[in-house]
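Each remark here refers to the structure printed beneath this line.
Just so it is clear, the model here is predicted, and its values are computed rather than measured.
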Amino acid sequence: MAVQKLPLAKALNESLRKALETDPKVLIMGLDVGKLGGVFRITDGLQKDFGEDRVIDTPLAESGIVGTAIGLALRGYRPVVEIQFDGFVFPAYDQIVSQLAKMRARSLGTVKMPIVIRIPYGGGIGAVEHHSESPETLFAHVAGLKVVTPANSNDAYWMLQQAIQSDDPVIFFEPKRRYWDKSDVDTEAIPGELHKARVAREGTDLTLAAYGPMVKTCLEVATAAAEEGRSIEVLDVRSISPLDFDTIQASVEKTRRLVVVHEAPVFFGSGAEIAARITERCFYHLEAPVLRVGGYHAPYPPARLEEEYLPGLDRVLDAVDRSLAY
């Protein structure tokens, strides 16, 4: 059956299974990825079917996990590393920035670094500190890394396949609060380009640009706005580095307004780069300044406060109203 309705988590599991079946050089590594199947069960059943040599339970040592993956990549393997939670990636940040991101440039392109680092990210699950971070901008700022994030099950399946096939290192952010959202997955489709944005909903009055967990929120905003006669276009950015500015520009030239939405703090967030670049490109088309909606410049709060911290329907609708008021 080519088209199935799957939770995003199951789509990732099926994508990893397909990669393991297709290429014997693909390995999965991480804390509890084997016997447990990962804390979110993304790797459930894979060690049982492919063995402990290909689905490897590692010690709790993120720097060691990434360093080992770099060595394996130099030997021709394609490691897929799981970081258990977003806030746990920082012990490996030096390996990622100083080694992983630099090897291809340092070798003038002769050394491939086909490593995928999967990171569940974002809030909305009521977790404690270090379990709900959105560190995508920290990695997007590093030249030599690709940074992508799916918003639905079909993209989760295909974007992970494409990331694994890439000869460059890919940081693959998974929106953990969307793991259980179901949508159609076409396993026989021809996937779009990994780094190309997609129009998730057509509109004419204003563009909402988002990625990962916020795409669903923006689609809900567009539905609510339609009840008031407003036509909102929703863009799923999908790739944070590189960014597909052309698709965003084409939408803004049509709607003449842009609001960028992400969970990460607005301050120095990826929305700032999008806002600056679109202002440069679309200055004579814009009828309002580009607005940004996101988290606050503060440590992630306890679970009982995260609804106030995370951008939701009302905060995004407020930005839409402010933009349309110009």
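Put simply, OG1 on Thr255 and CG on Leu206 are 6.0 Å apart, with the number rounded to the nearest 0.5 Å. Here Ile96 contributes atom CD1 and Ile117 contributes atom CD1; the two are 4.0 Å apart, rounded to the nearest 0.5 Å. In this structure, CG on Asp155 lies 5.5 Å from CZ on Arg198, to the nearest 0.5 angstrom.
When only modelled atom types and interatomic distance are considered, Thr207 and Glu233 share no side-chain donor-acceptor pair under 3.5 Å.
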Does Asp167 form a salt bridge (Lys or Arg N to Asp or Glu O under 4.0 Å) with Arg78? I'd like the steps, not just the answer. CA-CA 9 Å; Asp167 287 334; Arg78 291 185 176 271; 2.6 Å; yes
Glu263 vs Arg177, test: salt bridge (Lys or Arg N to Asp or Glu O under 4.0 Å). Steps then yes/no. CA-CA 12 Å; Glu263 277 194 20; Arg177 69 162 148 158; 2.7 Å; yes
With salt bridge (Lys or Arg N to Asp or Glu O under 4.0 Å) as the test, would you mind laying out the steps for Arg281 and Asp246 before giving the verdict? CA-CA 9 Å; Arg281 287 189 173 203; Asp246 290 345; 2.8 Å; yes
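Contact of the Arg230 side chain with the Asp321 side chain is registered, since non-hydrogen atoms from C-beta on lie closer than 4.5 Å. Between Val237 and Val215 there is no side-chain heavy-atom pair separated by less than 4.5 Å. Side-chain contact between Leu310 and Tyr300 is present, with at least one heavy-atom pair separated by less than 4.5 Å. A 4.5 Å side-chain heavy-atom check between Val33 and Gln84 finds every atom pair outside the cut-off. When side chains are defined from C-beta on, Asp168 counts as touching Arg104, because their heavy atoms get closer than 4.5 Å. At least one side-chain heavy atom of Met29 sits less than 4.5 Å from a side-chain heavy atom of Leu72. Side-chain contact between Val293 and Met214 is absent, with no heavy atoms from C-beta onward closer than 4.5 Å. Contact check for Pro191 versus Tyr157: no side-chain heavy atoms found under the 4.5 Å cut-off.
The shortest non-hydrogen separation linking Leu194 to Ser239 is O-CB, 4.0 Å. Nearest heavy atoms, Asp86 versus Ser132: OD1-N, 3.2 Å.
Under a hydrophobic-cluster definition in which Ile, Leu, Val, Met, Phe, Trp and Tyr are linked whenever side-chain heavy atoms come within less than 4.5 Å, directly or via other members, Ile119 and Tyr211 are assigned to the same cluster. The hydrophobic clustering, which links ILVMFWY residues whose side-chain heavy atoms are closer than 4.5 Å, places Val259 and Val221 together. No continuous path of hydrophobic side-chain contacts links Val261 to Val266 [ILVMFWY only; heavy atoms under 4.5 Å]. Under the 4.5 Å side-chain contact rule for hydrophobic residues, Tyr77 and Ile115 share a cluster.
Counting non-hydrogen atoms of neighbouring residues, nucleotides and ligands closer than 6.0 angstrom, the CD atom of Glu193 reaches no more than 12 such neighbours. With a 6.0 Å radius and a threshold of 12 heavy atoms from other residues, nucleotides or ligands, Tyr309 has its OH atom above the threshold. Atom NZ of Lys182 has 12 or fewer heavy atoms from other residues, nucleotides or ligands within 6.0 Å. Lys48 NZ: 12 or fewer foreign heavy atoms inside a 6.0 Å radius.
Taking the side chain to side chain contact (heavy atoms under 4.5 Å, CB included) definition, one finds that Ser231 meets it with Thr204, Asp205, sequence neighbours left out. For Glu287, the side chain to side chain contact (heavy atoms under 4.5 Å, CB included) criterion is met by Arg256, Arg257, not counting sequence neighbours.
Note on residues 252-274: pairs passing ring pair (Phe, Tyr, Trp, His ring centres under 6.0 Å), not counting sequence neighbours, are Phe267-His297.
Using a distance-only test at 3.5 Å, with no hydrogens or angles considered, a donor-acceptor pair links the side chain of Asp57 to the main chain of Lys35.
For an aromatic pair to be called close, the ring centres must be under 6.0 Å apart, and Phe172 with Phe139 fails this. A centroid separation of less than 6.0 Å is found between the aromatic rings of Phe88 and His131.
Checked against Asp181 for a salt bridge (Lys or Arg N to Asp or Glu O under 4.0 Å), the options Lys5, Lys10, Lys216, Lys176 give a single hit: Lys216.
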